[in-house]
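A quick note: this is a predicted structure, and the numbers were derived from the prediction, not measured.
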Amino acid sequence: MQDTLFIAGAGIGGLTAAIALSRRARPVTVLEAAPALDPIGSGLQLSPNALHVLRGLGLEEAVRRHAVAPEAIRVMSARTGRPIAEIPLGQTAEARYGAPYLVIHRGDLQQVLLNAAKASAGIDLRLGTRVRHARQNADAVQVEIETEKGNDHLSGGALVGADGVWSNVRRRVMDLRQAVFSGRTAYRAVVPVDRVPARWRETSGLWLGRRAHVVHYPVSGGKQFNIVALVAEDWQEESWSTPADTSALLARFGSWPSECRDLLSLPDGYLKWALCGMDPGTSWVNGRFALLGDAAHAMLPFAAQGAGMSIEDADALARAIDTTDHLPDALARYQAERQDRAESVLRLARANDRVYHMSGPMALARDTVMKGLGGERLLARLDWLYGWRPPEAR
């Protein structure tokens with residue numbers, strides 16, 4: 001079908017976009033390279049801006065069954081081991097923004113989206129199908145795909161690359177520069193929550209230290225506990241992710257408070273990831289080709305908005321396409337709506353990189369400012385981010 005929209009990638013952004021388009025009776029074919037969508041990954045954060053989109057798709061209840069609404073973000077000093085500030089979430093965030101702030105395992109969120117996609121009319125989900133290349137003319141796109149049965153060609157109205165940081169659509173189809181290593185590494189693990197001290201089971205923790213910080217929070221409906229250590233270091237591995245043992249990580253945190261080290265010691269091992277990002281200013285759209293989520297604006301995870309921005313992108317894409325049958329115009333309108341906001345969040349993540357990892361007098365000044373502002377005002381500084389809603393929810 002010439003009006004079929006192809007989405008490369010069945011991750012958070014790709015599945016959300018497919019569901020949003022199906023709700024508007026637009027046929028979608030999702031092309032996913034993986035032969036199965038296994039519940040892999042670790043925790044992620046869904047702030048109210050993302051929840052408003054999921055609510056509009058009828059998915060909030062399913063998401064809440066797997067998520068936790070932390071009462072607060074407890075910001076801790078890696079220098080002193082004492083609290084710096086406590087940013088209220090829970091009922092405070094929900095009352096302020098009209099939707100909750102949730103934390104969830106990535107695999108749980110993807111499963112909710114996958115179930116919804118399978119139950120939605122008009123979505124053709126093809127696993128084990130890799131986009132090799134694509135071409136376009138004034139009326140259509142021709143997509144070359146690779147499957148276990150060989151190569152084939154599909155014809156449709158547009159191709160959206162929602163295929164992540166290492167996007168084939170970005171590199172092979174649109175000939176754009178790929179993401180580059182940021183000089184930051186993330187060590188991620190999940191452990192049973194009953195191994196975690198009770199005081200951390202209903203809050204998010206954020207430990208700020210020199211050239212590193214640690215984030216942790218409950219996931220999987222409170223049954224599991226997500227731990228992430230983010231470190232400034234070179235990447236010497238052959239691939240962009242690799243297993244890492246706990247002792248190697250703890251050696252990097254030898255001078256940190258015992259409470260944080262005790263949490264870091266809980267997992268038997270970690271998965272270590274190179275953090276990569278993109279610079280702002282690159283076009284996401286070329287005629288009938290477009291990018292979405294990390295493929296468009298991969299950012300450091302220091303604003304906890306990777307999933308949120310992908311979900312917002314998906315909503316904007318579906319709304320733009322719903323207003324016209326001329327897909328190049330719709331894709332151009334999608335980029336015009338989304339790019340400035342996504343790149344503002346990208347810049348926020350970079351700014352947080354500097355603020356989180358200060359040392360010496362600068363760290364002392366940061367802590368003093370945060371204490372002086374207090375949790376309520378620290379939360380209010382993110383009203384522009386968390387307070388966003390799609391037009392139909394305003």
Side-chain angles (χ1 to χ4, degrees), residues 41-47 67-93 100-106 184-232 246 249-250 252-267 270-271 275 300-307 349 352-353 355-358 363 366-367 370-371 373-376 378-379 382 386:
S42 57
L44 56 83
Q45 303 185 49
L46 290 175
S47 48
V68 175
E71 291 300 318
I73 300 173
R74 191 175 296 153
V75 186
M76 305 289 293
S77 168
R79 179 177 56 87
T80 67
R82 294 193 293 268
I84 300 171
E86 188 162 298
I87 303 171
L89 296 176
Q91 293 182 354
T92 299
Y101 191 113
L102 303 180
V103 288
I104 190 170
H105 194 285
R106 184 190 182 279
R184 305 287 184 266
T185 298
Y187 295 76
R188 297 185 171 106
V190 177
V191 298
V193 78
D194 58 13
R195 296 172 61 184
V196 176
R199 88 185 203 96
W200 291 114
R201 295 182 187 180
E202 295 182 358
T203 63
S204 291
L206 171 60
W207 297 76
L208 305 183
R210 179 178 177 273
R211 292 175 58 82
H213 73 279
V214 174
V215 178
H216 50 75
Y217 47 81
V219 293
S220 301
K223 297 176 183 177
Q224 302 287 323
F225 193 77
N226 182 66
I227 302 173
V228 186
L230 302 109
V231 181
T246 299
L249 176 62
L250 288 176
R252 297 185 174 275
F253 290 84
S255 63
W256 281 49
S258 59
E259 185 177 17
C260 186
R261 284 177 51 81
D262 287 347
L263 290 170
L264 291 173
S265 70
L266 292 175
Y270 285 82
L271 191 61
L275 297 179
L300 295 172
F302 304 157
Q305 285 294 313
N352 285 347
D353 180 17
V355 171
Y356 287 3
H357 302 150
M358 288 173 173
R366 173 203 63 204
D367 296 353
M370 292 183 74
K371 288 178 182 178
L373 286 171
E376 290 276 1
L378 287 170
L379 180 63
L382 293 173
Y386 299 161

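In plain terms, the two heavy atoms of Y101 and A304 that are nearest each other are OH-CB, 4.3 Å. Of all non-hydrogen atoms in W256 and G209, the two that sit nearest each other are CZ2-CA, 3.7 Å. Taking each heavy atom of S265 and D262 in turn, the nearest pair found is OG-O, 2.7 Å. For the pair P301 and L230, the tightest heavy-atom approach, listed with the atom from each and the gap, is CG-CD2, 3.7 Å. The shortest non-hydrogen separation linking H105 to S220 is CB-OG, 3.8 Å. The two residues P83 and K371 have their closest heavy-atom pair at O-CE, 3.9 Å.
Atom CZ of R82 sits in a sparse spot, with 12 or fewer heavy atoms from other residues, nucleotides or ligands closer than 6.0 Å. Other residues, nucleotides and ligands place no more than 12 heavy atoms under 6.0 Å from the CZ atom of R210. Within a 6.0 Å sphere centred on CD of Q91, heavy atoms belonging to other residues, nucleotides or ligands number 12 at most. For R366, the CZ atom counts as densely surrounded, since its 6.0 Å shell holds more than 12 non-hydrogen atoms of other residues, nucleotides or ligands. Counting heavy atoms of neighbouring residues, nucleotides and ligands inside a 6.0 Å radius, atom CD of E86 exceeds 12 of them.
Taking CG from L382 and CD1 from I87, the interatomic distance works out to 7.5 Å, rounded to the nearest 0.5 Å. Residue I84 holds its CD1 atom at 12.5 Å from CG of L373, rounded to the nearest 0.5 Å. Remark: L378 CG to M370 CE distance equals 5.0 Å, nearest 0.5 Å. Remark: I73 CD1 to L379 CG distance equals 8.0 Å, nearest 0.5 Å. Considering CD of E259 and CE of M76, their distance stands at 5.5 Å, rounded to 0.5 Å. A distance of 7.5 Å separates CD1 of I227 from NE2 of H216, quoted to the nearest 0.5 Å.
Looking only at side-chain heavy atoms (C-beta outward), N226 and V103 stay at 4.5 Å or farther from each other. Side-chain contact check for F225 versus R201: every heavy-atom pair is 4.5 Å or farther apart. Put simply, the side chain of M358 does not reach to within 4.5 Å of the side chain of D367, judged on heavy atoms. Looking at L44 and I104, their side chains come closer than 4.5 Å, going by heavy atoms from C-beta outward.
Relative ring orientation between W207 and W200 is described as tilted, the plane-to-plane angle lying within the 30° to 60° band.
For the pair R261 (side chain) and L250 (backbone), a donor-acceptor distance under 3.5 Å is present. The backbone N or O of V231 sits nowhere less than 3.5 Å from a side-chain atom of R252 that would complete a donor-acceptor pair. The closest donor-acceptor contact from the side chain of S77 to the backbone of T80 lies under 3.5 Å. Side chain of T246 to backbone of P267: a donor-acceptor contact under 3.5 angstrom is found.
Evaluation of the ring-ring contact (aromatic ring centres under 6.0 Å, His included) rule for H213 yields F302, Y356, H357 as partners, not counting sequence neighbours.
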(request) Check the pair L264, V214 against side chain to side chain contact (heavy atoms under 4.5 Å, CB included), reporting the backbone distance first and the verdict last. (result) CA-CA 9 Å; L264 291 173; V214 174; 4.1 Å; yes

